[in-house]
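This report concerns only the one structure given below.
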Amino acid sequence: MVQTNVVNNLFVSAYAWACEQLYHDYAWSYDWVSWGVSAGAWDVWRRLALEAASGRILELGFGTGELILAARRAQQSIVGLDRSPQMHAVAQRKLHGAGLDTPLVQGNALALPFATGTFDTIVATFPAGYIVAPAALAECARVLATNGCLVIVGIWIVPQLAGHGFGLPLLYRAPGDAELARFVARIDAAGFATHLAWRRSKWADVAVVCARRVSAHDTQQQP
């Protein structure tokens, strides 16, 4: 059992390292890799976030800028934030090539460089663990208007085959009841009311989390 845990930990560490490299030094290959691991469904899954978004939108971790391009083409108001200079370069090239001009900010979700109440929706697709860090959630609550929403897409994805769901280690799975309860409790503790829905898209069920920012009065009224 100890040896199995060591192997699993090494595997998880190697996966995390590979993701970090993909997001920085190999940012140029991100679109190809994401297309490959999703059998072409990545962009369709990602766009589920825009279906739940309205008003002034902030995208956390915009990556190669594909969701920003989709939002702009749909005439939605959007600002992007990402900490990777390599991803900024890729996204800027795409926007310039499409003749679009959208504010892209280099920064960290743990200290958002925006005024209180600036946005109506924050979207994050396929996010890393930072998205449920207390500091990140507090910042999201701060920059959202009251009743604004934090939309998280792709934190869990369950492939479907002949009507049955199955998991693939590190890539695709559903949360257990206890894990889901902890996830929702952590978001709600930051001043949100959280709802999770499963959306069938392409060959998988995709988790779409919509967390509505509640006012201090609403929080006090909760049992």
Side-chain angles (χ1 to χ4, degrees), residues 12 15-20 22-24 27 30 34 37-38 42 45-53 56-68 71 78-84 87-88 91 104-114 116 118-145 148-158 170-176 178-199 204-214:
V12 170
Y15 177 77
W17 178 85
C19 289
E20 188 72 6
L22 182 63
Y23 213 76
H24 292 279
Y30 183 92
S34 60
V37 300
S38 66
W42 199 265
W45 295 342
R46 175 170 44 209
R47 292 182 189 223
L48 293 173
L50 292 183
E51 295 180 12
R56 301 160 299 171
I57 305 168
L58 168 65
E59 183 182 10
L60 297 181
F62 58 75
T64 64
E66 285 295 321
L67 194 68
I68 288 177
I78 190 166
V79 173
L81 180 136
D82 203 298
R83 66 186 179 89
S84 168
M87 285 299 191
H88 271 263
L104 300 181
V105 179
Q106 189 165 357
N108 194 308
L110 304 181
L112 295 174
F114 306 107
T116 297
T118 299
F119 300 101
D120 301 298
T121 308
I122 296 175
V123 298
T125 61
F126 315 105
Y130 75 85
I131 196 62
V132 289
L137 291 171
E139 281 292 270
C140 287
R142 181 183 65 80
V143 303
L144 277 172
C149 285
L150 169 62
V151 179
I152 306 170
V153 170
I155 196 165
W156 295 297
I157 298 173
V158 180
L170 297 179
L171 291 175
Y172 303 123
R173 66 181 184 87
E179 180 185 6
L180 178 58
R182 289 193 300 270
F183 176 83
V184 171
R186 177 171 288 192
I187 298 176
D188 286 354
F192 293 93
T194 303
H195 173 73
L196 183 146
W198 289 96
R199 293 286 307 277
D205 287 341
V206 181
V208 178
V209 176
C210 294
R212 181 177 63 86
R213 182 185 178 277
V214 297

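Quick note: numbers below take in every heavy atom, side chains included, and nothing from hydrogens, waters or symmetry partners.
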Self-check item: Point-to-point distance, once rounded to the nearest 0.5 Å, from CG of Leu196 to CH2 of Trp156
Solution: 6.5 Å
Exercise. Indicate the atoms forming the closest heavy-atom contact of Val105 with Pro113, along with that distance.
Key: CG1-CG, 3.8 Å
Self-check item: With Leu104, the side-chain contact (heavy atoms from CB on, under 4.5 Å) member among Leu81, Val79, Ile68
Solution: Ile68
Exercise. Nearest 0.5 Å please: distance from the CZ atom of Arg212 over to the CG atom of Leu144.
Key: 12.0 Å
Exercise. First locate atom CG of Asn108, then atom OH of Tyr130, and finally report the distance between them rounded to the nearest 0.5 Å.
Key: 9.0 Å
Exercise. Taking all heavy atoms of Trp45 and all of Ser38, pick out the closest pair and write down the distance.
Key: CZ3-CB, 3.6 Å
Practice problem: Side-chain contact test, heavy atoms from C-beta onward, threshold under 4.5 Å: evaluate it for Pro175 versus Phe183 and give yes or no. | Solution: no
Quiz item: Which atoms form the tightest heavy-atom contact between Ala174 and Val158, and what is the distance?
Solution: CB-CG2, 3.5 Å
Quiz item: Are Thr118 and Leu112 side-chain neighbours, meaning at least one heavy-atom pair lies under 4.5 Å?
Solution: no
Quiz prompt | Ala211 versus Ile187, closest heavy-atom pair with distance | solution = CB-CG2, 3.7 Å
Quiz item: Any chance NE2 of His195 has more than 12 other-residue heavy atoms, nucleotides or ligands included, within less than 6.0 Å?
Solution: no
Self-check item: Distance, nearest 0.5 Å, that separates CZ of Arg173 from CD1 of Ile155
Solution: 8.5 Å
Quiz prompt | Taking every non-hydrogen atom, the tightest pair across Val37 and Trp42 | solution = CG2-CZ3, 4.0 Å
Quiz item: Under 3.5 Å, side chain of Asp188 to main-chain N/O of Thr194, donor-acceptor pair present?
Solution: yes
Quiz prompt | Nearest-0.5 Å distance, CZ of residue Phe62 to OG of residue Ser84 | solution = 8.0 Å
Quiz item: Can you name the salt bridge (Lys or Arg N to Asp or Glu O under 4.0 Å) partners of Arg182, sequence neighbours left out?
Solution: none
Self-check item: Reported CZ-to-CZ distance for the pair Arg56 and Phe114, which is rounded to 0.5 angstrom
Solution: 12.0 Å
Exercise. Taking all non-hydrogen atoms of both residues into account, name the closest pair between Asp120 and Ala145 and its distance.
Key: OD1-CB, 4.1 Å
Quiz item: Mind checking whether Phe126 and Ile157 have side chains closer than 4.5 Å, heavy atoms only?
Solution: yes
Quiz item: Is the closest side-chain heavy-atom distance between Met87 and Gln106 below 4.5 Å?
Solution: no
Quiz item: Which of these, Val123, Asp82, Ile131, sits in a side-chain contact (heavy atoms from CB on, under 4.5 Å) with Leu60?
Solution: Ile131
